[in-house]
Amino acid sequence: MFEVGVIEEAGAAEVALDPVRARLLRLLAEPHSATGLAAIVGLPRQKVNYHLKTLEAHGLVELVEERRKGNVTERVLRATAASFVISPVALAAVQPDPARSPDRLSARWLLALAARLVKETGQLISGAAKAGKPVATFALDGTVRFASAADRAAFAQELTAAVTALVGRYHDDQAPGGREHRVIIAIHPSISDAESSGTESKGS
């Protein structure tokens, strides 16, 4: 099981967004049979089995083992990933295009960049899995607390200058066999756990 799975097909996205199937996917972070899941979610085993077959058909769950119980073979399934993200590829006709209106100070442009990151990383993961090769990636994640908006602006300017100099030092248009790598750097206000879960009071 992968920590994060990428859903790239519209049909798989539609299946995963169904409330019942989404709950089954969450429960299938651990292996379960249709009978066991039926007892947990309070649905008939036949209905749960139907949902499981649909999820399996779209590659969202996989067979772990088959257990023989009398004259019945019980299939034990598990989600193919502990969590899932839907790639913009699944919404190809309306996926964001960062090149359409680039604006370094726009939160919506940042969202478009993030969507492209999900799309391209998902495609790299899929291609690497088929080729049996790892993907060369690197990421940093951290926080910085600014004393003022002026400090934030100054930080952004210094960061831009530093990254521009670093890219200029290593970028080589003429390198034989070289491969371009995308560099994305983002700054946005942090969101607290309460805000993320929607439980923060309006007066806070």
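As a basis for the values below, the full set of heavy atoms in this structure was taken, side chains included, without hydrogen atoms, waters or symmetry mates.
Through side-chain heavy atoms spaced under 4.5 Å, either directly or across other Ile, Leu, Val, Met, Phe, Trp or Tyr residues, Y170 is tied to L166. Hydrophobic cluster membership of L27, counting Ile, Leu, Val, Met, Phe, Trp and Tyr whose side-chain heavy atoms lie under 4.5 Å apart directly or via other members: I7, V15, L17, V20, L24, L25, L28, L37, I40, V41, L43, V48, L52, L55, L60, V61, L63, L77, F84, I86.
Taking a cutoff of 4.0 Å between a charged side-chain nitrogen and a carboxylate oxygen, R75 and E56 qualify as a salt bridge. Ion pairing of R67 with E65 is present here, as a side-chain N (NZ or NE/NH1/NH2) and a carboxylate O approach within less than 4.0 Å. Comment: E30 does not engage R78 in a salt bridge, judged by the lack of any side-chain N to carboxylate O separation of less than 4.0 angstrom.
What you find for A175 and D172 is that their closest heavy atoms are N-OD1, 3.3 Å. Heavy atoms only, all atoms of each residue included: E9 and H58 are closest at OE1-ND1, 4.3 Å. Taking each heavy atom of A38 and P44 in turn, the nearest pair found is CB-C, 4.2 Å. Here the shortest heavy-atom pairing between H181 and A136 reads CD2-O, 4.4 Å. Between P88 and A115, the shortest heavy-atom distance links the atoms CG-O, 3.2 Å. Nearest heavy atom pair, residue S87 against residue V118, reads CA-CG1, 3.9 Å.
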In sequence, state the C-alpha distance, the side-chain angles, and the governing distance for N49 and H51, and then conclude on side chain to side chain donor-acceptor pair (under 3.5 Å).
CA-CA 5 Å; N49 199 44; H51 287 309; over 6 Å; no
Could you go step by step and tell me if E74 and S33 meet the side chain to side chain donor-acceptor pair (under 3.5 Å) rule?
CA-CA 7 Å; E74 186 177 64; S33 66; 3.3 Å; yes
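Distance CG/D18 to CZ/R23: 12.5 Å, rounded to 0.5 Å. Of the inter-residue distances, the one linking R68 atom CZ with T73 atom OG1 reads 4.0 Å to the nearest 0.5 angstrom. To the nearest 0.5 Å, the span separating CZ on R21 from OH on Y50 amounts to 5.0 Å. Going from atom CG of L117 over to atom OG1 of T137 covers 10.0 Å, rounded to the nearest 0.5 Å.
The hydrophobic clustering, which links ILVMFWY residues whose side-chain heavy atoms are closer than 4.5 Å, places L159 and V167 together. Clustering ILVMFWY residues whenever any of their side-chain heavy atoms sit less than 4.5 angstrom apart, transitively, puts V135 in a cluster other than the one holding V4.
Screening residues 93-119 for side-chain hydrogen bond (donor to acceptor under 3.5 Å, both in side chains), with sequence neighbours left out, gives Q95-K119.
Side-chain contact, S126 with E8: a donor N or O sits under 3.5 Å from an acceptor N or O.
Shown here is Q46, whose CD atom has more than 12 heavy atoms of other residues, nucleotides or ligands within 6.0 Å. Dense packing is recorded around CZ of F146, with more than 12 heavy atoms of other residues, nucleotides or ligands lying under 6.0 Å away.
Contact annotation: the side chain of V76 never approaches that of H32 to less than 4.5 Å [non-hydrogen atoms, C-beta and beyond]. Put simply, the side chain of F2 does not reach to within 4.5 Å of the side chain of I125, judged on heavy atoms. Within the 4.5 Å cutoff, side-chain heavy atoms of R182 are placed close to those of I184.
No donor-acceptor pair under 3.5 Å is formed between the side chain of S190 and the backbone N or O of T143.
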